[in-house]
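Remember, predicted model here, so these are calculated numbers, not experimental data.
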Amino acid sequence: MVELNSCVNFLLTKAQLAVNQEFKLMLADYEITPVQCGVLNCLYKQDGQGLKALSDELSVNASTMTGIIDRMEAKGFIERRADPQDRRAQSVFLTQRGFEVEDIATRITLEANEKVLGEFSPEEEEVLKKLLKVLGDRR
């Protein structure tokens with residue numbers, strides 16, 4: 001039998017659930033989920049990205065990303081447009097409402113990071129981020 005508190009998968013999942021729940025609560029008043037906030041962040045950096053680029057950046061499979069984009073479009077945060085060079089492909093663009101929540105999404109993301117990392121020293125924070133990046137880049 002494996003002791004759960006020595007299982008990396010269990011510990012990472014438990015930590016991710018706690019962090020995600022906190023972030024979800026902070027975003028709830030704005031009708032944005034954590035993954036939707038990630039999509040918005042990607043589009044703030046480069047508007048007009050394709051679904052594949054967004055899926056790759058956020059490590060979400062294509063069918064899940066389609067559902068995320070559907071819900072964001074229904075809320076009026078984004079719109080899909082056909083790629084003029086490939087009509088089968090679609091690009092995702094921010095709407096006025098999407099641009100209007102940029103300050104909120106950015107502020108809450110920073111506040112959530114501060115809240116989650118508040119008990120760590122700056123050195124511990126950097127080590128944690130480095131280790132998480134190494135694990136995440138193994139896919």
Side-chain angles (χ1 to χ4, degrees):
M1 178 195 314
V2 174
E3 177 62 39
L4 288 178
N5 285 323
S6 66
C7 178
V8 173
N9 182 55
F10 174 77
L11 294 171
L12 285 170
T13 299
K14 186 175 176 181
Q16 194 274 336
L17 287 171
V19 169
N20 195 54
Q21 183 62 29
E22 185 67 39
F23 197 28
K24 189 185 300 186
L25 288 172
M26 294 173 78
L27 289 166
D29 289 343
Y30 306 99
E31 299 182 60
I32 305 169
T33 66
V35 72
Q36 290 172 353
C37 193
V39 171
L40 290 170
N41 187 52
C42 290
L43 295 175
Y44 295 143
K45 291 178 186 171
Q46 181 185 342
D47 202 15
Q49 293 187 52
L51 293 174
K52 177 154 179 28
L54 291 168
S55 295
D56 291 347
E57 181 68 21
L58 297 172
S59 299
V60 174
N61 67 45
S63 61
T64 299
M65 181 56 68
T66 298
I68 293 165
I69 296 301
D70 286 346
R71 287 183 291 282
M72 291 181 74
E73 193 168 34
K75 291 177 184 179
F77 291 117
I78 55 97
E79 65 182 8
R80 285 181 259 212
R81 298 181 199 156
D83 184 327
Q85 296 167 343
D86 181 358
R87 289 187 181 173
R88 294 170 296 165
Q90 292 184 327
S91 297
V92 179
F93 289 86
L94 292 160
T95 61
Q96 184 62 37
R97 183 173 188 212
F99 282 113
E100 288 171 357
V101 296
E102 181 174 7
D103 289 343
I104 293 165
T106 300
R107 178 181 51 82
I108 290 176
T109 300
L110 294 173
E111 287 176 8
N113 282 345
E114 287 176 20
K115 195 168 190 177
V116 168
L117 298 170
E119 296 181 25
F120 294 101
S121 70
E123 295 80 17
E124 291 170 328
E125 179 182 332
E126 288 307 311
V127 169
L128 176 63
K129 288 178 182 177
K130 181 179 179 180
L131 293 171
L132 291 172
K133 287 176 187 175
V134 168
L135 289 172
D137 289 344
R138 290 185 177 175
R139 59 181 192 110

A.B. asks: Looking at residues at least two apart in the chain, or sitting in another chain, which of them share a side-chain contact (heavy atoms from CB on, under 4.5 Å) with Ala89?
C.D. replies: Asp83, Asp86
A.B. asks: Minimum heavy-atom separation for Pro34 to Phe23, with atom names?
C.D. replies: CB-CD2, 3.4 Å
A.B. asks: Could you tell me whether the side chain of Tyr44 and the main chain of Gly98 form a donor-acceptor pair under 3.5 Å?
C.D. replies: yes
A.B. asks: Going by salt bridge (Lys or Arg N to Asp or Glu O under 4.0 Å), name the pairs with one or both residues in residues 33-43, residues two or more places apart or in two chains.
C.D. replies: none
A.B. asks: Would you say that Glu100 contacts Leu94 through its side chain, given a criterion of any heavy-atom pair below 4.5 Å between the two side chains?
C.D. replies: no
A.B. asks: Check whether any side-chain heavy atom of Asn41 sits under 4.5 Å from a side-chain heavy atom of Thr109, and report yes or no.
C.D. replies: no
A.B. asks: Could you give the distance from OG1 (Thr66) to CZ (Arg71), rounded to the nearest 0.5 Å?
C.D. replies: 10.0 Å
A.B. asks: Heavy atoms only: give me the nearest Ser121-Glu124 pair and the separation to one decimal.
C.D. replies: N-OE1, 2.8 Å
A.B. asks: Decide whether Phe120 and Leu131 are clustered together by the hydrophobic rule: side chain heavy atoms of Ile, Leu, Val, Met, Phe, Trp, Tyr closer than 4.5 Å, transitively.
C.D. replies: no
A.B. asks: Linking I/L/V/M/F/W/Y whenever any side-chain heavy atoms sit under 4.5 Å apart, do Val127 and Leu132 land together?
C.D. replies: no
A.B. asks: Would a 4.5 Å heavy-atom cut-off, applied to side chains only, mark Leu135 and Leu12 as touching?
C.D. replies: yes
A.B. asks: Out of curiosity, Gln49 CD to Phe93 CZ, how far, rounded to the nearest 0.5 Å?
C.D. replies: 10.0 Å
A.B. asks: For Ile32 and Ile108, what are the C-alpha separation, side-chain angles and deciding distance, and is it a side chain to side chain contact (heavy atoms under 4.5 Å, CB included)?
C.D. replies: CA-CA 11 Å; Ile32 305 169; Ile108 290 176; over 6 Å; no
A.B. asks: Can you name the residues that form a side-chain contact (heavy atoms from CB on, under 4.5 Å) with Asn9, not counting sequence neighbours?
C.D. replies: Cys7, Thr13
A.B. asks: Might you work through the side chain to side chain contact (heavy atoms under 4.5 Å, CB included) test for Leu40 and Glu102, ending with a clear yes or no?
C.D. replies: CA-CA 8 Å; Leu40 290 170; Glu102 181 174 7; over 6 Å; no
A.B. asks: Please give me the minimum heavy-atom distance between Met65 and Leu58, naming the atom from each residue.
C.D. replies: CE-CD1, 3.8 Å
A.B. asks: Taking it one step at a time, do Met72 and Val35 satisfy side chain to side chain contact (heavy atoms under 4.5 Å, CB included)?
C.D. replies: CA-CA 10 Å; Met72 291 181 74; Val35 72; over 6 Å; no
A.B. asks: Looking at CZ of Arg97 and NZ of Lys75, how far apart are the two atoms once the value is rounded to the nearest 0.5 Å?
C.D. replies: 8.0 Å
A.B. asks: Rounded to the nearest 0.5 Å, how far does CG of Leu54 lie from CD1 of Ile68?
C.D. replies: 9.5 Å
A.B. asks: How would you list all residue pairs meeting side chain to side chain donor-acceptor pair (under 3.5 Å) that involve residues 20-29, not counting sequence neighbours?
C.D. replies: Glu22-Lys115
A.B. asks: Give me the atom names and distance for the closest heavy-atom approach of Glu31 to Phe77.
C.D. replies: O-CE1, 3.6 Å
A.B. asks: Verify the cluster assignment for Leu17 and Val19: are they in a single hydrophobic cluster under the rule of side-chain heavy atoms below 4.5 Å apart?
C.D. replies: no
A.B. asks: Side chain to side chain contact (heavy atoms under 4.5 Å, CB included), that's the test. Do Leu27 and Thr33 meet it? Break it down for me.
C.D. replies: CA-CA 6 Å; Leu27 289 166; Thr33 66; 6.0 Å; no
A.B. asks: CD1/Ile69 to CD/Glu79 distance, rounded to the nearest 0.5 angstrom?
C.D. replies: 12.0 Å
A.B. asks: Looking at residues at least two apart in the chain, or sitting in another chain, which of them share a side-chain contact (heavy atoms from CB on, under 4.5 Å) with Asn61?
C.D. replies: Ser63, Thr64
A.B. asks: Could you report the tightest heavy-atom contact between Tyr30 and Arg107, atom names first, then the distance?
C.D. replies: OH-NH2, 3.5 Å
A.B. asks: Between Lys45 and Glu57, does at least one N-O distance fall below 4.0 Å, as a salt bridge requires?
C.D. replies: no
A.B. asks: Nearest heavy-atom pair of Leu117 and Lys129: which atoms, and what distance?
C.D. replies: CD1-CE, 3.8 Å
A.B. asks: Checking Lys14 now: which residues fulfil side-chain contact (heavy atoms from CB on, under 4.5 Å) with it, not counting sequence neighbours?
C.D. replies: Phe10
